[in-house]
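As the structure lists them, so they are numbered: ligands from 1, and atoms in each ligand from 1. Here the structure is a predicted model, which is why all the values come from computation and not from measurement.
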Amino acid sequence: MIPIGSSPSQPMMAVTPATRVLAIETSCDETAAAVVEGGRWVVSSVVATQFERHERFGGVVPEIASRAHLELINDVVADALRDANLRLRDIGVIAATQGPGLAGALLVGVSAAKALALATSRPYHGVHHHEAHLYAAMLADPTLEPPFVTLIVSGGHTLLVAMDDHGRYRVLGRTVDDAAGEAYDKVARLLGLGYPGGPILDQLAGTGNPEAIRFTRPMLDPREPDNLDFSFSGLKTAVVLHRRKHPDQPIADVAAAFQDCVVDVLTTKLLRAARRERLGTIVLGGGVAANSALRARVVAEAERASLRCVVPDRSLCTDNAAMVGAAAWHRLRFEPPTGLAGGAVPNLALPGTT
Ligand code: KG4
Ligand code: ZN
């Protein structure tokens with residue numbers, strides 16, 4: 001039972017294990033909607049990718065992304081409800097990613113969610129995209145509870161976060177330049193692999209020899225074990241210089257060596273963070289967490305260090321709305337909904353961060 005208050009901007013409410021969230025995600029180039037129950041159970045999840053619309057430009061074109069979200073959003077929401085075998089009246093909360101992301105793209109999802117909330121007199125709640133990536137692990141393993149260390153690696157961000165409790169985060173490290181996904185996409189473009197770069201490079205790397213080249217591991221100086229920040233822009237330059245010097249080297253080897261370097265840095269810092277913070281659980285999230293080498297390495301290292309490890313299914317790592325529904329449900333246990341006054345915020349900071 002969800003008591004809905006009188007103010008549309010901040011109705012009082014209490015989520016229960018039976019509360020269903022209809023969530024929308026449009027922060028970049030995926031139009032997604034999902035129904036999540038009790039913050040842990042995916043009832044339905046629909047993702048419409050815009051890949052073909054951006055492919056010939058070699059990357060995401062913000063204007064095209066916003067337009068595509070507008071075209072797709074109604075059908076995607078309808079599909080999520082149909083797959084869940086539910087009507088709008090069965091939904092308790094409407095949530096959407098409010099930031100960070102592309103301004104025009106975010107606006108479509110936020111506006112659609114608010115319109116649905118108004119039409120149904122349900123509360124609207126805006127969700128932080130990284131918090132959503134973090135909560136994907138709770139859908140993957142419904143028994144997972146903080147504290148743990150999580151590595152969020154996406155196209156826009158590389159963050160090492162200690163989650164002390166629900167809604168309480170400490171950022172332990174972040175990239176000082178390019179995000180890991182951005183590095184994948186840029187290197188894929190340099191190697192002429194096309195878009196989307198990450199998954200294509202991942203596949204090609206699987207056929208190459210990672211030991212053919214040894215790229216210097218950026219910011220992994222053993223004399224600075226407490227430095228948990230990342231840098232990937234120099235690595236991208238190193239790949240360019242190497243290609244110029246050795247144009248005949250198979251690109252599969254270059255891809256494999258690049259990937260080996262990125263995975264080595266990410267995994268080493270994640271394990272270092274767990275050790276330093278004395279936390280026994282490590283978690284992966286974000287689009288780059290779909291990378292086959294990263295997943296395998298993190299699982300292997302966790303086993304060696306006797307750490308519990310949660311690596312969500314690939315479909316929960318790349319952008320989706322189920323994670324948004326999970327994050328919304330958990331935050332609404334201790335906070336009122338953001339309400340209709342909360343807009344799209346392209347550079348939104350992670351809430352509850354110290
Ligand atoms: O989280 P996400 O779907 O969107 C953002 O929030 O940015 O992450 C997208 C990023 C892109 O840079 C994409 O190339 C990368 O994740 N990615 C991968 C793989 N799948 C997606 N990177 C490496 N290997 C993959 N298999
Ligand atoms: Zn994302």
Side-chain angles (χ1 to χ4, degrees), residues 23-32 34 45 47-51 54-55 58-60 62 65 69 96-102 105-106 109 127-137 150-159 161 174-175 178-191 193-208 210 230 232 235-236 255-256 258-263 265-267 284-298 311-324 326-327 346-348 350:
I24 292 175
E25 154 63 40
T26 61
S27 65
C28 191
D29 60 342
E30 319 278 7
T31 315
S45 180
V47 181
T49 179
Q50 305 175 2
F51 150 71
H54 301 283
E55 191 182 11
V60 178
H69 286 311
T97 301
Q98 63 170 343
L102 302 171
L106 288 166
V127 172
H128 191 285
H129 187 69
H130 302 151
E131 189 166 55
H133 272 306
L134 208 146
Y135 271 95
T150 181
L151 175 68
I152 303 173
V153 265
S154 72
H157 296 267
T158 302
L159 282 178
V161 177
R174 50 163 49 100
T175 182
D178 291 355
E182 193 179 351
Y184 260 94
D185 295 337
K186 286 179 177 169
V187 167
R189 208 171 307 146
L190 287 169
L191 297 179
L193 300 179
Y195 164 88
I200 302 174
L201 200 153
D202 182 5
Q203 212 175 7
L204 178 69
T207 66
F230 304 91
F232 294 108
L235 175 60
K236 178 191 62 195
F258 161 79
Q259 176 154 287
D260 193 51
C261 180
V262 173
V263 167
V265 174
L266 292 174
T267 313
L284 278 186
V288 182
N291 183 264
S292 47
L294 179 62
R295 298 166 74 85
R297 176 85 185 271
V298 166
V311 178
D313 189 78
R314 284 186 166 85
S315 62
L316 285 171
C317 292
T318 48
D319 285 350
N320 66 89
M323 64 184 192
V324 178
N347 58 354
L348 187 68
L350 187 62

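- Inter-residue side-chain proximity for L159 and T175 is flagged as unmet; no heavy-atom pair is nearer than 4.5 Å.
- A side-chain N or O of E25 and one of H129 form a donor-acceptor pair less than 3.5 Å apart.
- Inspection of the H69 and T31 side chains reveals an N or O donor paired with an N or O acceptor under 3.5 Å.
- Note on ligand 1: G156 sits in its first shell, one or more heavy atoms being nearer than 4.0 Å.
- When the Zn ion (ligand 2) is compared with the N/O/S atoms of D319, atom OD1 turns out nearest.
- When only interatomic distances are considered, the shortest N/O to N/O separation between D202 and ligand 1 falls below 3.5 Å.
- Taking atom 22 (N) of ligand 1 as the reference point, the nearest protein heavy-atom neighbour is G198 CA, 3.5 Å.
- Ligand 1 has no N or O atom lying under 3.5 Å from any N or O atom of G286, backbone or side chain.
- With respect to atom 24 (N) of ligand 1, the closest heavy atom belonging to the protein is N291 ND2, 3.0 Å.
- Because the distance cut-off is set at 2.8 Å, H129 qualifies as a neighbour of the Zn ion (ligand 2) through one of its N, O or S atoms.
- Under the 4.5 Å side-chain criterion, counting only non-hydrogen atoms from C-beta, L294 is in contact with L284.
- Counting heavy atoms under 4.0 Å from ligand 1, residue H129 touches it through the side chain alone.
- Between H133 and I152 the shortest heavy-atom distance is CB-CG2, 3.9 Å.
- Residue H54 holds its NE2 atom at 7.5 Å from SG of C28, rounded to the nearest 0.5 Å.
- If you look at H133 and ask which of its N, O or S atoms sits nearest the Zn ion (ligand 2), the answer is NE2.
- Within a 6.0 Å sphere centred on CZ of R297, heavy atoms belonging to other residues, nucleotides or ligands number more than 12.
- Side-chain contact, Y184 with D202: no donor N or O sits under 3.5 Å from an acceptor N or O.
- Atoms of ligand 1 lying under 4.0 Å from any heavy atom of P199, numbered from 1 in the order shown and given with element: 14 (O), 19 (C), 20 (N), 21 (C), 25 (C), 26 (N).
- Closest to atom 17 (N) of ligand 1 by heavy atom, among C317, G287, A179, is G287.
- Considering backbone and side-chain atoms together, S292 places no N or O closer than 3.5 Å to any N or O of ligand 1.
- Atom numbering of ligand 1 starts at 1 in the shown order; those under 4.0 Å from a heavy atom of T318 are 3 (O).
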Determine whether T158 and L266 satisfy the following criterion, side chain to side chain contact (heavy atoms under 4.5 Å, CB included), listing intermediate values before the conclusion.
CA-CA 9 Å; T158 302; L266 292 174; 4.0 Å; yes
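- Listed by atom number, the atoms of ligand 1 under 4.0 Å from G181 heavy atoms are 12 (O).
- In Q203, the CD atom is not crowded: 12 or fewer heavy atoms of neighbouring residues, nucleotides or ligands sit closer than 6.0 Å.
- Scanning all protein heavy atoms for the shortest distance to atom 10 (C) of ligand 1 gives G155 N, 3.5 Å.
- Two residues are said to be in side-chain contact when any heavy atoms from C-beta on lie closer than 4.5 Å; S315 and V47 fail this criterion.
- For D319, heavy-atom contacts with ligand 1 shorter than 4.0 Å involve the backbone as well as the side chain.
- At least one heavy atom of H133 lies less than 4.0 angstrom from ligand 1.
- Ligand 1 is never approached by P196 to a heavy-atom distance shorter than 4.0 Å.
- Of the options N320, V153, D185, the smallest heavy-atom separation from atom 13 (C) of ligand 1 is shown by D185.
- Between H157 and H130, the ring planes lie perpendicular to each other; the angle is over 60°, past the 30° to 60° tilted range.
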